[in-house]
Amino acid sequence: MAVVLLLSLCAHGQDSTFNSELSTLNCQLNKEVLHSSMIGVGFSNILDTYLSSYNYKGTDIRVQRETMRMTNLWKGHVANQSLIDFHVDINKNRTRNIKEYAGGIRYAQGWYYNFMGGNVVNPVERSHTRFNFAVGLSASGYLGVVYINRSGNNPAQAKADLMLNVGGLATYDMVIAHHHYLWRYQVTFPLIGIAFSPDYGQSYYEAFVTEHYSRNVVFAYPGNMPSMHHKLTLDIPIKRYTLRVGYVAQIDQSLFNHLKYHSYSHDFMIGFNKYLYRR
C-alpha cells in the first residue's frame, strides 16, 4: 500500500519529498538482474567464396549467456542487455568428402526503451500488463574464423566486425492454471559499422607479412551486410526454478570486395533463468 501511495503522489507531482522516496524505490527495484544461460544445437549453412564457391552444410552448436536489468535512464524506462553468443559449426560439402569448421564469439551491449510503463526484464512481477515491448540500440563486436581442410594457399578466412544495431523485444505473460508462462521475442538488425575483409584474390600473406593492404577495413551497412538475428523463448516455471526453451535464427550475409559470404543457422536452445538482487 505504501508503494502504491508513493507512485500515485509522484505521478501527480504533489510532494517533492515523496518524489525523492519514489526515486529511491525505483533504484532499488532496478537493481534486480536477470541471468540466462542457454545451450543449443541446430542446422548450419555457410558459403564463403573466398574459400570455396560451394555451400557447406552441417551442425551448429551454440551457447548464449544473457544479463538484463532495468536502469534509471529516462525515469527507469530503459533496460540494459548484455549478451555473449558463442558458436561452433561442423559442416561438409555436397559430396561429403571435405569438411569445414567455423566458429566465433559475439559480445553485445544494448539499451531498450520500454513503452506503456512496461518491464521486459521481469514483466510477470514488475509490469501491470501482460504484453510489453521495447525498442532500442545495441553495440556489438564479432570475432570468428572459417576453415576448410583442403590444400590451398588460403585455407582459412577471418571474420571480424564492430556494429551498431537496432532492434526490439516483446514479451507476453500467458497464464495457465495460475502459472505464468512468459513468451519473449527479440529481433536485431545490424545498422552501420566496420568489418574486416580481404580483397578479391588477396592472400593473408600479402596483407599481414608484406603489408600489402587493400581495402581490408570496409564500411558495413544493410546494403552490403543485410543480416538479422531472431530469438524466441518460453520461460516455464518449475518450482523455484525457471526453465527456458527457445529457437535462435542467425542470418548473417555480406558482400565485401566482391567476396560473397553467408552463414545461416537455426538452433533449438534450452537453459535456465535466475533473478538476482544486486546490492
Side-chain angles (χ1 to χ4, degrees), residues 40-65 83-93 98-110 138-150 152-165 167 188-209 212-231 248-267:
V41 63
F43 170 77
S44 171
N45 181 327
I46 295 178
L47 168 68
D48 192 326
T49 58
Y50 181 77
L51 301 175
S52 172
S53 58
Y54 299 103
N55 283 326
Y56 284 72
K57 300 179 181 180
T59 303
D60 178 75
I61 302 171
R62 188 170 301 272
V63 177
Q64 288 189 345
R65 173 67 173 176
L83 179 65
I84 300 175
D85 181 278
F86 174 77
H87 74 99
V88 174
D89 299 82
I90 304 173
N91 300 335
K92 290 185 178 181
N93 63 345
I98 299 177
K99 286 187 177 181
E100 175 190 70
Y101 302 93
I105 185 170
R106 181 174 295 279
Y107 176 74
Q109 278 281 349
S138 65
S140 67
Y142 179 79
L143 185 63
V145 65
V146 180
Y147 170 79
I148 297 178
N149 65 342
R150 61 178 173 83
N153 294 328
N154 300 309
Q157 160 77 305
K159 297 294 179 182
D161 64 60
L162 292 172
M163 299 297 299
L164 177 67
N165 315 288
T188 305
F189 300 93
L191 196 59
I192 56 172
I194 57 174
F196 167 80
S197 173
D199 202 354
Y200 183 82
Q202 179 190 30
S203 69
Y204 280 81
Y205 177 83
E206 293 176 311
F208 295 102
V209 178
H212 181 225
Y213 303 115
S214 177
R215 299 177 295 178
N216 297 130
V217 178
V218 297
F219 176 69
Y221 67 103
N224 60 9
M225 191 177 173
S227 305
M228 63 182 70
H229 304 153
H230 302 269
K231 184 177 181 179
V248 171
Q250 303 275 57
I251 311 298
D252 294 310
Q253 303 177 119
S254 66
L255 181 59
F256 301 140
N257 297 333
H258 306 288
L259 297 173
K260 186 177 180 181
Y261 168 79
H262 76 231
S263 176
Y264 307 144
S265 64
H266 304 271
D267 298 277

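Residues M163 and A220 approach most closely at SD-CB, 3.9 Å, considering heavy atoms. Residues A158 and F196 come closest through the heavy atom pair O-CD2, 3.8 Å. Nearest heavy atom pair, residue I194 against residue V217, reads CB-CG1, 4.3 Å. Here the shortest heavy-atom pairing between I46 and A102 reads CD1-CB, 3.6 Å. Nearest approach of Y54 to Y56, heavy atoms of both residues: O-CD1, 3.4 Å. Nearest approach of P198 to N216, heavy atoms of both residues: CA-ND2, 3.5 Å.
Distance check, rounded to the nearest 0.5 Å: NE2 of H229 to OG1 of T188 gives 7.5 Å. Here the straight-line distance linking atom CG of N257 with atom CG of N224 works out to 9.5 Å at 0.5 Å rounding. With rounding to the nearest 0.5 Å, the separation of OH in Y107 from CG in L83 is 9.5 Å. R106 CZ to D161 CG: the interatomic distance, rounded to the nearest 0.5 Å, is 4.5 Å. Atom OG of S265 and atom CD1 of I251 lie 7.0 Å apart (nearest 0.5 Å). Note: S138 OG to F189 CZ = 12.0 Å, rounded to the nearest 0.5 Å.
For the residue pair H87 / D89, a side-chain donor-acceptor distance below 3.5 Å is found, with atom types taken as modelled. A donor and an acceptor atom, one from each side chain of Q250 and D60, are nowhere located under 3.5 Å apart. When only modelled atom types and interatomic distance are considered, S140 and N165 share a side-chain donor-acceptor pair under 3.5 Å.
Residues meeting the salt bridge (Lys or Arg N to Asp or Glu O under 4.0 Å) test with K57, sequence neighbours left out: none. In this structure, the side chain to side chain contact (heavy atoms under 4.5 Å, CB included) partners of Y147, at least two apart in sequence or on a different chain, are Y101, N149, P155, A156.
With contacts defined as side-chain heavy-atom distances shorter than 4.5 Å, the pair R65/F86 does not qualify. Using a 4.5 Å cut-off on side-chain heavy atoms (C-beta onward), M225 and D252 make no contact. With contacts defined as side-chain heavy-atom distances shorter than 4.5 Å, the pair D85/Y142 does not qualify. Side-chain contact check for N93 versus S52: every heavy-atom pair is 4.5 Å or farther apart. In this structure the side chain of H262 reaches within 4.5 angstrom of the side chain of N55, judged on heavy atoms. Residues V146 and Y50 fail the side-chain proximity criterion, which asks for heavy atoms closer than 4.5 Å.
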TODO: Apply salt bridge (Lys or Arg N to Asp or Glu O under 4.0 Å) to the pair D199 and R215, showing each step before the final yes or no.
DONE: CA-CA 7 Å; D199 202 354; R215 299 177 295 178; 3.1 Å; yes

Open item on the list: Could you go through K159 and D48, starting from their C-alpha distance and side-chain angles, then the distance that decides it, and tell me whether this counts as salt bridge (Lys or Arg N to Asp or Glu O under 4.0 Å)?
Closed with: CA-CA 11 Å; K159 297 294 179 182; D48 192 326; 3.3 Å; yes

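More than 12 heavy atoms of other shown residues, nucleotides or ligands fall within 6.0 angstrom of atom CD1 in I98.
Between H258 and Y200, the angle of the ring planes goes over 60°, which puts this pair in the perpendicular group of the 30/60° scheme. Under the 30°/60° scheme for interplanar angles, the aromatic rings of H266 and F43 are found to lie parallel.
Between the side chain of T49 and the backbone N or O of L259 there is no donor-acceptor pair closer than 3.5 Å.
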